[in-house]
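The next block holds one structure in the form of structure tokens; read it before the comments.
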Number of protein chains: 2
Amino acid sequence: MESRTSAARTGRPRSVAADAAILAATREALVELGWSKLTLGDVATRAGVAKTTVYRRWAGKNELVVDAVAALFDELELPDRGSLAADIEGVVLQFAAILDRPEAKSGLMAVVAEATRDEALRERIRASIVDRQKRLVVEGRARAAQRGELPPETDPEAASRTADLIFDVVAGAVVHRTLVSAEPVDEDWARRFAAMLFGGLAATGT
Amino acid sequence: MESRTSAARTGRPRSVAADAAILAATREALVELGWSKLTLGDVATRAGVAKTTVYRRWAGKNELVVDAVAALFDELELPDRGSLAADIEGVVLQFAAILDRPEAKSGLMAVVAEATRDEALRERIRASIVDRQKRLVVEGRARAAQRGELPPETDPEAASRTADLIFDVVAGAVVHRTLVSAEPVDEDWARRFAAMLFGGLAATGT
DNA sequence: GCGCTTTCGCTACGAGTCGTAGCGTAACTG
DNA sequence: CAGTTACGCTACGACTCGTAGCGAAAGCGC
């Protein structure tokens, strides 16, 4: 059995450097031009590759921007800050820091908007961005149960639904605050949000 | 003193029917084509007007879609359902019903994305869509205080910040659930969300 | 080494959209 | 009726799109 990524083991291999250059050029173009004025021709020029090379690897602007933005979420982590409220506060600030970057601001909402009419794109976003975030919710929930702050999970199906709810609340609130209200997610806001969410979780016993 | 809207009281007046036809055609095109494939030329044809007429009234696609989508939010109300939790649940379901319509799905997030690089567009969205929603939060908060469910507001500045927080949480969660998670905001979800938010509000004494 | 295969950069192309200008006509005012 | 503005229509240059065709480059199996 050979290497797992053996779709084509013959011929000239695709330049991995080109991949990185194209994605970096995409983020750069997002910052300078924004989503609507970003063109694949311009990205190719910035990356130092031919336009055809970009089209060989990505189906279009949507897919390219998803991959370019997804890389920004690699840095998301959940350090143990001692309490559930503090953990929530920490992840909110981290998420907000990413969202505050202009390449994320411009690109993320645009592809989400496009995804409303494109099932495959929605799945791509889910796999490369959303799931990575959602894992933090599950981790934080388990940590809180271990500390005794919340009762341990019993029904796994209910636990999954609750995790989904929390995730939509956290991510949704941060996104809405940043992009729609256009107000900063500073430490004060994060503290008040975390207090409210923690209070709701404790009150409903989930 | 003459009529208040007297920018130009001479010459041929602008057809109000054309305004309505263009906005309706925009919503129709949003449903059929989505944001990215919507063109002003197509909208003009659907509305039965010349392309130049559209450009005389709107600066571009962004502004036109904001106005077309804003009309969808006219129906938002806050009937008294007896308790704060029930009120939250009601407004969540209403908001979700609007967001579930394809013309809102496709258009709203796209203009929000564009607004990240356009201050004037952000202000237009705020005035015609966001503020209308936010008023419901203030109203619901006051009603809850009247019922004795929450302590009355003392510091008006703190009250305003809390209203902003609640608004971002409610609207953000519904938008995220609908567009990113792509899961339905049904009665069960709304009930669990309202319970969590109400618990958080009661716990933090805001 | 040598052929086979795939990717590469480059150029060119038709199709489509953009936003504007110019024109004659329509609608309303004093 | 004269003045003013909106209207429908046509045409336009500039731009982007996504694809096709080419010769050269870069690995792989023999």
Side-chain angles (χ1 to χ4, degrees), chain A residues 1-23 25-26 29-30 32-65 106-107 110-111 114 117-118 120-121, chain B residues 1-26 29-30 32-65 106 110-111 114 117-118 120-121:
Chain A
M1 195 179 292
E2 46 251 353
S3 164
R4 188 174 298 166
T5 60
S6 59
R9 353 182 241 311
T10 178
R12 175 175 176 174
R14 287 196 173 172
S15 161
V16 287
D19 265 345
I22 292 170
L23 290 174
T26 303
L30 274 176
E32 287 183 26
L33 308 173
W35 162 267
S36 58
K37 293 184 179 175
L38 180 149
T39 70
L40 291 201
D42 181 65
V43 167
T45 305
R46 289 171 187 267
V49 302
K51 192 171 64 161
T52 44
T53 299
V54 178
Y55 276 103
R56 277 190 201 100
R57 301 174 186 219
W58 283 276
K61 194 163 142 175
N62 294 339
E63 290 78 8
L64 174 60
V65 171
S106 305
V111 293
E114 289 299 308
R117 327 196 89 251
D118 185 338
L121 184 62
Chain B
M1 197 179 289
E2 48 250 351
S3 163
R4 187 172 300 167
T5 61
S6 59
R9 10 183 225 307
T10 178
R12 175 175 176 173
R14 286 195 173 174
S15 163
V16 287
D19 265 345
I22 292 170
L23 291 174
T26 303
L30 274 176
E32 289 183 24
L33 308 173
W35 162 267
S36 57
K37 294 185 178 174
L38 180 148
T39 71
L40 292 200
D42 181 66
V43 167
T45 304
R46 289 170 187 267
V49 302
K51 191 171 64 164
T52 45
T53 298
V54 178
Y55 275 102
R56 278 192 200 99
R57 301 173 186 219
W58 284 276
K61 194 163 144 176
N62 294 339
E63 290 77 8
L64 174 60
V65 170
S106 306
V111 293
E114 289 299 307
R117 328 195 88 250
D118 184 339
L121 184 62

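Since the structure is predicted, the reported quantities are computational estimates derived from the model, not experimental observations. So you know, we letter chains A, B, ... as the sequences are listed, proteins then strands, and number each from 1.
- Listed here is the closest heavy atom pair of B/Arg46 and B/Ala25: CB-CB, 3.7 Å.
- Here the closest non-hydrogen pair linking A/Val111 and A/Asn62 is CG1-O, 3.9 Å.
- Distances shown here put every side-chain N or O of B/Thr10 at or beyond 4.0 Å from the OP1 or OP2 atom of D/dG3.
- Using a 4.5 Å heavy-atom cutoff, the side chains of B/Arg56 and B/Arg14 are in contact.
- Straight-line distance from the CG atom of B/Leu40 to the C1' atom of D/dG8: 17 Å, rounded to whole Å.
- Within the 4.5 Å cutoff, the side chain of A/Trp58 has heavy atoms near those of the A/Asp19 side chain.
- Place B/Gly11 and B/Arg56 on DNA chain C by their nearest nucleotides, and B/Arg56 ends up nearer the 5' end.
- Rounded to a whole Å, the OH atom of A/Tyr55 is 15 Å from the P atom of C/dG9.
- Counting distance only, with no hydrogens placed and no angle test, the side-chain atoms of A/Lys51 and the base atoms of C/dG9 include no donor-acceptor pair under 3.5 Å.
- In this structure, B/Glu63 places its CD atom 10 Å from P of C/dG19, rounding to the nearest Å.
- Contact check, A/Arg12 against D/dA25: no side-chain N or O comes under 4.0 Å of OP1 or OP2.
- We find that CG of A/Leu38 is positioned 13 Å from C1' of D/dC17, with the value rounded to whole Å.
- D/dT16 atom C1' lies 13 Å from atom CG of A/Leu33, rounded to whole Å.
- Side-chain atoms of A/Thr52 and base atoms of C/dC10 include a donor and an acceptor less than 3.5 Å apart.
- In terms of position along DNA chain C, the nucleotide closest to A/Pro13 lies nearer the 5' end than the nucleotide closest to the other residue of the pair A/Pro13 and B/Lys37.
- Atom-to-atom, CH2 of A/Trp35 to C1' of D/dT16 comes out at 14 Å; the value is rounded to the nearest Å.
- Taking atom CG of residue A/Asp42 and atom P of nucleotide D/dC17, one finds them 9 Å apart after rounding to whole Å.
- Residue-to-nucleotide proximity on DNA chain D shows that, of A/Ala59 and B/Arg14, the 5′-proximal contact is made by B/Arg14.
- Checking side-chain atoms of A/Lys61 against main-chain N and O of A/Trp35 turns up a donor-acceptor pair under 3.5 Å.
- Rounded to whole Å, atom C1' of D/dC15 lies 13 Å from atom NZ of A/Lys61.
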